[in-house]
Q: 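My structure is below; once you've seen it, I'll send some questions.
Chain A is the first sequence line, chain B the second, and so forth, proteins listed ahead of strands; every chain is numbered from 1. The structure presented is a predicted model; accordingly, all values stated were derived computationally and were not measured.
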Amino acid sequence: MTDQKEMESASHHVVSPKIYVIILFALILGTAATVWASFLELGPWNPVIALAIATGKAMLVVLYFMHVKYSSKLTKLTVFAGIFTFLTLIGMTLADYFSRAWGQW
Amino acid sequence: MSATIVSLPDQSTARIPKVNFITKENGLLSWLLTGDHKRIAILYLISLSFFFFIGGALAGLIRLELLTPQTDLMATDTYNKVFTMHGVIMIFFFLVPSVPATLGNFLIPLMIGAKDLALPKINLLSWYLYIAGGILAIYTMASGGVDTGWTFTTPLSTHYVNTNVLTTGLAAFIAGFSSIFTGLNFIVTIHKMRCPGMTWFRMPLFVWAHYAASILMVLATPVVAIAIVLIALERTIGIGVFDPTKGGDPLLFQHLFWFYSHPAVYIMILPGMGVISETISTFSRKRVFGYTAVAFSSVAIAVFGFFVWAHHMFIMGISNYAVLVFSLLTMLVAVPSAIKIFNWTFTLYKGSITFETPMLYTFGFMGLFTIGGLTGVFLGTAGTDIHLTETYFIVAHFHFVMVGGMLMAFLAGIHFWWPKITGRMYPEKISQLAAVITFIGFNFTFFPQFILGTLGMPRRYASYPPEFQILNVFSTAGATILGVGYLLPVLYLTWSLKYGAIAGNNPWQATGLEWQIQSPPLTENFTVTPIMDHEAYDYEWLENQKAKEVASVG
Amino acid sequence: MSHISPIIWQFLVKWMTNFALFPPEASKIAPQMDALLFFMVLVSLIGLTIVTLLVTSFCILYSKERHPVAEQIEGSTLLEATWTIIPLGLFLVMFVWGALIYFRVYTPPANSMNIYVVGKQWMWKAEHPGGQHEINSLHIPTGQPIQLTLISQDVFHSFSIPAFRVKREAIPGRYTTVWFEATTPGTYHLFCTQYCGTNHSQMIGDIVVLTPEDYRKWLAESTSGMSLAQNGERLFASLSCNACHNTRPDARGPSLANVYGAKLALSSGGTVLADEAYLRESILNPSQHITQGYAPIMPTYQGQVSEEGVIALVEYIKNLNSDYRIQQTLNTTDLLPEGEGTPRRPTPAAGPQAGPAGTAQPGTAKQGTVKP
Amino acid sequence: MSDSTAIAHDAHAAPDHGHGEAHPTYLRHHFENVEQQADAAGFAMWIFLLTEVMFFGGLFTAYLIYRNWYYPAFVAASHQLSVVWGTTNTAVLIFSSFTMAMGVWCAETRRRKGLVLSLCLTFLLGLVFLGIKTIEYSEKIEKHHVPGFHYNLSSFLDPDNDAAAKAASDKALPLDMARHTEVYFSLYFAMTGMHALHMIIGIAILGYMIFRARAGAYTSGHVTFVENFGLYWHFVDIIWIYLFALLYLISRHQ
């Protein structure tokens, strides 16, 4: 039975509140950093940094608050599938918009 | 060809089991509040048939109007509303939920040896959402209809029509959530509820196909939901996301819409393909040729299905580079369908074939789906798409796939599992006749439309130049035959509920787990958790099983 | 049968005599498109025949009577690979062939004559460069590549000429183009194929293909006196475009002579090809299209000029080959305060890549932008 | 084939599927055991979150396209939002995520009081978030920055008379670009509105959960509901993290 393993590994791993506190501080720190970075003059890097920090924060939430770090492979795969389809939608639509600007050919 | 594999129990002694999911509880409430996947499937079957016949009646009106070049039966405005409602009802309230919500709902737990779907309450909720959406759609129709086409093209739908776009959009939105919940339920069930021994590669291909379709339902449907929300906001508040006068791009709506609506056609066809895999194996007494290839081609269709949506927009002014990429990817998604067709064909090879009604529908499916699929390539090819798109060629193409493919598969499935669902057989001869009538009527209706399309007759026209009349007359004539073909099953299937022969557990001598239990099944499906110790479609196992039984009885 | 209904009989006779799978081939692209279509029909027929033959023969050979016990076969990698690779190969051939045709249909040759088409609920309005207007019909000559520049005033429309095998969506807010070269004189269908509201099925018209002589005659008969470019010139003056685009050394806007077809450097960085779409955009949304070296002071003309007006302006600017005419018009710049900074004249950056050494002078009522 | 093929042929085959011994009451009949039930529910929640990702995905796509097209308009319009409120709200939401995570921990370790307290805190923080959002929205309504019929461009055409624009030392936008600020606000309201709607639904469910938790519902081992709600709440938090970066923090340095 293939799922036997999945089931066992998914049995609850209780994350200690200490980790939650650390993550909380990291997130608050990230928020401060992203606000601070937005006031710097970084040219094209401004949105990149804003998104990178946001992604970092989201990762912390997903991995620790949402327990994905301690979850089964299936859950990880699910998260990955979501991100992948999301990027497909954005990426392929934007590809059309950007290449429109390249002119006729 | 008199040979048959049907083996019914001795009719003089056979009885339908006293305890089964239908007789377990009585009263309307026991149905409306049920958590039993089989009862929900039947609720779906009844409501789906209702919507199918409303949609079909609208189709009849369309064909009648097109009998003559002028608009004589109804005004153009009425015609526009009729074809819009035909599209909305048939797509959102029939095709998308058809096989998954009825047969899938009924069979997936049985096939994988589970007692129910993982989330029975969500399952019931999804039926209620479906009904709520359906009532809204009917209300829309009764209160004046909508004339945007089922595609809700902006800015037409946001700024230029005064009909019930909001209620229709809401109906589609709600129906979308019904389909999301169905898909979600299937994915969870298939992952978490398989019985011991039921590995992924022992699952029937029906389950694989539903798994692939469920992925599409879950991931693609929300995108059209948000597109509909944005249309509603644009109509009510006047936000400017798609409005060109405010700087929005109407093509963005097309992107978001087709991101769902292209995968939606795979949502519609994949479960049908699942049915075909089951019937073709059973009636040729053979394991499906290249089981793994067929299983993976379902998943491949689902995955590739996400990358091809912009082929609906080739002439709409998307970037030419995007056209190249999407055209190429469309070619790739055609291949898994070709694989399936050939694998089914070779399943027949060295089989022992009988020709019961489900098999006749299956042959119909294979022929029509082959034509439908190949003409899809005409439209995915960027060059020929210019000439053929937005003409009757498109109409013919997707009716071949959806009606010729999906509806044939749906009927094949309904006939195939009818004895399991009701415990009774349908009358064989008349149903074979119905299958033949459907096939002939279908070709008469839709084949002329291919020619109309290459001749350039645009779709959604209430009137047309007189030289197209002859082919339209053929098409309308065919539609009446098709109508008969669809009415017959309703009649004899209803008849069989009371007068059909008692079917017994396994009239087709099929191998699936669902056939090894009583028909109709118990509410809890299996009294003892089954253990799967053989591959799917293992007819030798079945023979041994029977031999053992005889031995033990003897 | 003698009892066949006369109506059906009539139908059948009519159909058999007019039987056609394709509309007439009346453009240069049509035979090429049909060649691909025939190829695809052929492949489809062969594919369908193979499947049908296999299914039928298996049904006969392996029916239960003849073959009571099935032989279990797992599958065959070789066979499966065959029917994966062969369809894939065929589909790829179709893809490449189709892509080539797609390029051809949507890449107008340099010497094509431009006709503007505005779609609105529910009619097609064509504007010839000579100033001729037509509604729901289009007169064109044979033997001359015609480029259509399409735009819609309201919703999506689609300009379809089945006999030419071309079709292009007219979308609101943006120009799209398509081209064709008619080969056979005659009258052909024009359809709107994108559903556009109540009278969608009445948004039809005629494409009238004339011999070059007849076409010239038609042009002369239906001229309204002013060419499109002349209309544009009037509009240019009445909107005071020449207040800034006045060719003087201290002008606040760039000179527009020979700007069409040139590669312009933008102040936002990057270069852009000044085609019809660009000219339209820079009239309606100027702040996103500032030529390098100029201040973003041009006001938007959105809401002040109709699509037809924009077309006239674009056509005027397209035909502007020298500064002469602008210098001759009354100029009101002197009355306006000085712009900040000292805007300099741009070197016609990168040079007009399609040297517009044509003969068409602005204002001369000659049909067609004669661009080599 | 083996004898282990135990497929029930008849209804009277050993009804040993008894609701006898160690089965807790919350185990629904169609699951084999509690593990399977919890696992299925958790997985279902994740799949549901996937649909939510795609639901917001359409909005993010639209945002990215128009931000590219109308960058100056997006910058000027985003300066109309208050970074202070935005940052406060981000902090509030992150804090509520933390309290929610603590709530899940309390449920898992069977601390009833701790669970009720965490849920109440989460509930309150959610309300604070919505309160601040209301303040922000009413500001927009006052300034006629709600897209639609009464949309007002004066903040962008004449930034010197507009406190927020002046604070960011914005230059006046040309009319055509200024008009495109409406696209920004369309997306702003669509995105934050959808997010707020998710918050409202979440807060309503929280209210129900507090009610049940006081009766000790989730602290007797059956924590699935709390855990799944936690996933939902964190997801809403993640959406906001991106919304904050994308809507509030465009080019604050100018």
Q: Which bit of A:V35 comes within less than 4.5 Å of chain D, counting heavy atoms only: side chain, backbone, both or neither?
A: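 Both the backbone and the side chain of A:V35 come within 4.5 Å of chain D.
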Q: So what's closer than 4.5 Å to chain D heavy atoms on A:T34: side chain, backbone, both or neither?
A: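 A:T34 touches chain D through backbone and side-chain heavy atoms alike.
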Q: Do D:Y242 and A:L51 have side-chain heavy atoms sitting under 4.5 Å apart?
A: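 Yes, their side chains come closer than 4.5 Å.
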Q: Give the intermediate values and the outcome of side-chain contact (heavy atoms from CB on, under 4.5 Å) for residues D:L64 and A:Y97.
A: CA-CA 10 Å; D:L64 288 176; A:Y97 281 84; over 6 Å; no
Q: Side chains of A:F39 and D:L249: closer than 4.5 Å at any heavy-atom pair?
A: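 SC-SC contact between A:F39 and D:L249 ruled out.
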Q: Quick check for you: to the nearest 0.5 Å, what is the distance between A:M66 atom CE and D:L49 atom CG?
A: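 Here the rounded value is 5.0 Å.
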Q: Specify whether D:F98 and A:F65 have parallel, tilted or perpendicular ring planes, treating 30° as the upper limit for parallel and 60° as the lower limit for perpendicular.
A: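 Judged by the thresholds at 30° and 60°, the geometry between D:F98 and A:F65 is tilted.
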Q: Let me know if A:L40 has heavy atoms under 4.5 Å from chain D in its side chain, its backbone, both or neither.
A: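 When you check distances to chain D, only backbone atoms of A:L40 fall under 4.5 Å.
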Q: Run through A:V79, A:L74, A:L77 and flag the one making a side chain to side chain contact (heavy atoms under 4.5 Å, CB included) with D:W46.
A: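 The side chain to side chain contact (heavy atoms under 4.5 Å, CB included) with D:W46 is passed solely by A:V79 among A:V79, A:L74, A:L77.
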Q: Relative to chain D, which segment of A:Y64 carries a heavy atom at a distance below 4.5 Å: side chain, backbone, both, or neither?
A: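 Contact with chain D is absent: no heavy atom of A:Y64 under 4.5 Å.
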Q: State the NE2-CG distance between D:H234 and A:L60, to the nearest 0.5 angstrom.
A: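 If I round to the nearest 0.5 Å, the distance is 12.5 Å.
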Q: D:V53 versus chain A, heavy atoms under 4.5 Å apart: side chain, backbone, both or neither?
A: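 Looking at D:V53, backbone and side chain both touch chain A.
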